[in-house]
There are 2 protein chains.
Amino acid sequence: MKEILMKYLAKYTTLTEAEQQAIINDLIIEGFKKGTYLIKQGDSPTKKCFFVLKGCVRQYYLDDDGKEVTSNFYTEEQAILLFNYEEPDQSSNYSLTCQEDCALVVADVESELKMYKQYTELESMTRSMMENYLAQAQNEYAKFIRSSPEARYKMIVQNRPDLLKRVPQHQLASYLGMTPESLSRIKKRIQ
Amino acid sequence: MKEILMKYLAKYTTLTEAEQQAIINDLIIEGFKKGTYLIKQGDSPTKKCFFVLKGCVRQYYLDDDGKEVTSNFYTEEQAILLFNYEEPDQSSNYSLTCQEDCALVVADVESELKMYKQYTELESMTRSMMENYLAQAQNEYAKFIRSSPEARYKMIVQNRPDLLKRVPQHQLASYLGMTPESLSRIKKRIQ
DNA sequence: TATCCTTCTTAACTTAAGTCAATGCTCCAT
DNA sequence: ATGGAGCATTGACTTAAGTTAAGAAGGATA
């Protein structure tokens, strides 16, 4: 499991193998059963973040009508970064729930900051990763906005085909910004 | 003009005033006339990024049909971060053009990295800002996806009313993921 | 096995957005 | 001032997605 993390450190830093090991040994890997909530909407602001080693985590919120709106699915090798601790007065805007049995790296912000102090390269790596995430998010956003629900479905088929099998369709529909009925019809339409 | 930058440094770092001054004196502030292109789609990958002190910069790309799709408007105190240098083989996906006369901080990646080496706190600040940007982007995305064109228009009226006056409507429409005709009708519908 | 609950599909209807086309408006340049 | 280009509005029509409601399929549980 920890090889995945080693891969990251090796790729983005020039830390020695010993240092890499030291860092990884400090990390906490936890297992979570399907259905577990990592955070619930309304909880006091999280100081935690996660990295998915195995499984699938769904992020959602309840809209004004009380309906679940799925805003993300996190799967293998994706980081779950909810930065609502930046507005410390606000409670969590989202819920995080395990769609499957999961293995996650669990980190809290304080120890993260400590680590940055100890290994400045680690912070460089994080900065660089954040830039990548942001770039990706911007690109996806730009494409998505301009797409019809049908085009969005085709995109997900292209980019994250695994989700189609791992995730209930009505949740996928809401993630794609459409109704379950629409998704059903689109699937039929394009066979 | 430089006070804005000082504000950032003071807010997010504990650098001494002298250090802050030194950093800011290293920055290049350039003026650009309305209509100037900062980058053109297809250019070789940029090593530059910008920070808007004054004016409005539009980011757009040409879709498969050759139509302009506006993916962002950057105004005062917003950073323009195009991280396509992460995929060094690819050319720029976007064009950046000045909608108005602009004053921008122009930075290039190499000198940025050098500065990080010199002032590690500066990299901390950047990491933290990136996390904020990302969080913001994710939140906006989640809201947007689930909204109708009409709801999106209302959101922009709420959040960035200045854009309504600064920007041609057909560009705004494409930024909101709708046709100019739709935007015109929506405006009429809700007076 | 029978029952219940959730999910998915299908249908009929409504509506808002896309498309195409024509008309006006504004600003700019000559 | 005039003409032209680009932009905004409006209308008629088409279409895809939302809404509501009903039924079918699949899984879990007793």
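Below, chains carry the letters A, B, ... as their sequence lines are ordered, and counting in each starts from 1.
Rounded to an integer number of Å, the gap from Lys187(B) NZ to dT10(D) P is 10 Å. One atom, CE of Met178(B), and another, P of dT9(D), lie 13 Å apart when rounded to the nearest Å. If you measure from atom CZ of Arg152(A) to atom C1' of dG18(D), you get 14 Å, rounded to the nearest angstrom. The CD1 atom of Ile186(A) sits 14 Å away from the C1' atom of dT9(C) (whole-angstrom rounding). If you measure from atom CG of Asp63(B) to atom P of dG18(C), you get 14 Å, rounded to the nearest angstrom. When the P atom of dG18(C) is taken as reference, atom CG of Leu183(B) falls 10 Å away, rounded to whole Å. One can place CG of Leu176(B) at 12 Å from P of dA17(C), the figure rounded to the nearest angstrom. One atom, OH of Tyr153(A), and another, P of dA16(D), lie 17 Å apart when rounded to the nearest Å.
Out of dA8(D), dA11(C), dC8(C), the shortest distance to the side chain of Pro168(A) is found at dC8(C). For Thr179(B), whose side chain is taken as the heavy atoms from C-beta onward, the closest listed nucleotide among dG18(C), dG18(D), dA21(C) is dG18(C). In the set dT9(D), dC7(D), dA17(C), dT9(D) carries the atom at the smallest distance from any side-chain atom of Ser184(B). The Lys188(B) side chain lies nearest to dG11(D) when the options are dT10(C), dG18(D), dG11(D).
The residue Glu181(B) sits close to a base: some heavy atom pair falls under 4.0 Å.
Of the possible donor and acceptor atoms, one in the side chain of Gln20(B) sits under 3.5 Å from a partner among the backbone N and O of Leu15(B). Between the side chain of Asp101(B) and the backbone N or O of Lys33(B) there is no donor-acceptor pair closer than 3.5 Å.
In this model, no side-chain donor or acceptor of Arg185(B) finds a partner on the base of dG11(D) within 3.5 Å.
Listed by chain and residue number, Lys154(A), Arg189(A) satisfy the side-chain hydrogen bond (donor to acceptor under 3.5 Å, both in side chains) test with Glu150(A) (two or more places apart in sequence, or in another chain).
Salt-bridge formation is detected for the pair Arg127(B)/Glu131(B): a Lys NZ or Arg NE/NH1/NH2 atom is positioned less than 4.0 Å from an Asp or Glu carboxylate oxygen.
Regarding contacts with the backbone of dG6(D), every side-chain N or O of His170(B) stays at 4.0 angstrom or more from both OP1 and OP2. Residue Arg189(A) places none of its side-chain N or O atoms closer than 4.0 Å to OP1 or OP2 of dA16(D).
For Tyr175(B) and Phe73(B), the gap between ring centers is short of 6.0 Å.
If you find the closest nucleotide of DNA chain C to Arg146(A) and to Gln169(A), the one lying nearer the 5' end belongs to Gln169(A).
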